[in-house]
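One structure below.
None of these values were measured; they are calculated from a predicted model. Lettering follows sequence order; numbering is per chain, from 1.
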Amino acid sequence: MSKLAGDEFKQAVYDLTRLIPCGRVTSYGAIARCIGSAGSARRVGWALNQCFHETPPVPAHRVVNRNGLLTGAVHFSSEAPMADQLEAEGVHVVENQIVNLERVFWEPWTAAELMDNAEL
DNA sequence: ACTTTGACTATAA
DNA sequence: GTTATAGCCAAAG
């Protein structure tokens with residue numbers, strides 16, 4: 001068993017994505033690795049594609065590729081572009097690419113410490 | 001059941 | 001530094 005089903009995988013991705021602090025971003029591969037499915041970065045994107053009709057909403061705009069490029073911007077609503085939401089949180093975006101990526105990058109393993117601390 | 005595609009990543013040239 | 005190719009896993013056609 002222990003096989004990560006599609007729905008469980010999506011839930012794991014959503015849960016971790018919701019833990020991303022405001023003004024920070026992360027990568028698909030980092031999320032995939034944190035949930036135990038390293039190398040399945042593409043599945044993270046697939047899961048996030050379904051997040052729009054999920055409740056509560058998932059801040060998918062904080063998830064970008066390893067290059068800091070907003071590859072999923074085209075999947076966002078025209079009224080709330082990915083870049084616009086990132087800029088609203090203080091993240092500078094130029095040509096669909098995040099500026100100072102290292103400065104705003106957030107590693108999901110930080111969430112593990114937070115959750116562990118919360119359980120105490 | 002097989003083939004193609006996808007919000008990716010790493011390595012090689 | 002960039003560009004090209006391979007590896008990756010699962011869903012959709």
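Proximity note for A:Trp46 (side chain, C-beta onward) versus B:dA7, C:dA11, B:dC8: the nearest is C:dA11.
Judged by distance alone with a 3.5 Å cut-off, no donor-acceptor contact links the side chain of A:Arg66 to the base of B:dC8.
Separating the CZ atom of A:Arg42 from the P atom of C:dC9 is a distance of 11 Å, rounded to the nearest angstrom. Between A:Tyr14 atom OH and B:dA7 atom C1' there is a gap of 12 Å when expressed in whole angstrom units. Between the CD atom of A:Glu8 and the P atom of C:dC9 there is a distance of 19 Å, given to the nearest Å. Per the geometry, CG belonging to A:Asn67 stands 9 Å off C1' belonging to B:dT9, to the nearest Å. When the P atom of B:dA7 is taken as reference, atom NZ of A:Lys10 falls 15 Å away, rounded to whole Å. The distance from atom CD of A:Gln50 to atom C1' of B:dG6 is 12 Å, rounded to the nearest whole Å. Taking atom CD1 of A:Ile35 as the reference point, atom C1' of C:dA10 lies 13 Å away to the nearest angstrom. Atom P of nucleotide C:dG1 and atom CD of A:Gln97 are separated by 12 Å, given to the nearest angstrom.
The residue A:Asn49 sits close to a base: some heavy atom pair falls under 4.0 Å. Among the heavy atoms of the strands lying under 4.0 Å from A:Ala60 is at least one base atom, whether or not backbone atoms are also near.
Side-chain N/O atoms of A:Ser27 include none lying less than 4.0 angstrom from OP1 or OP2 on B:dC8.
Look at A:Lys10 and A:Glu54 and you find no salt bridge, because none of the NZ, NE, NH1 or NH2 atoms lies under 4.0 Å from a carboxylate O.
For CZ of A:Arg103, the number of neighbouring non-hydrogen atoms (other residues, nucleotides, ligands) closer than 6.0 Å is 12 at most.
With A:Asn65 contributing its side chain and A:Gly68 its backbone, the two residues share a donor-acceptor pair below 3.5 Å.
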>> I'd like to know whether A:Val13 forms a side chain to side chain contact (heavy atoms under 4.5 Å, CB included) with A:Leu48, so could you lay out the CA-CA distance, the side-chain angles of the two residues, the decisive distance to 0.1 Å, and finally the verdict.
In response: CA-CA 8 Å; A:Val13 173; A:Leu48 287 175; 3.9 Å; yes
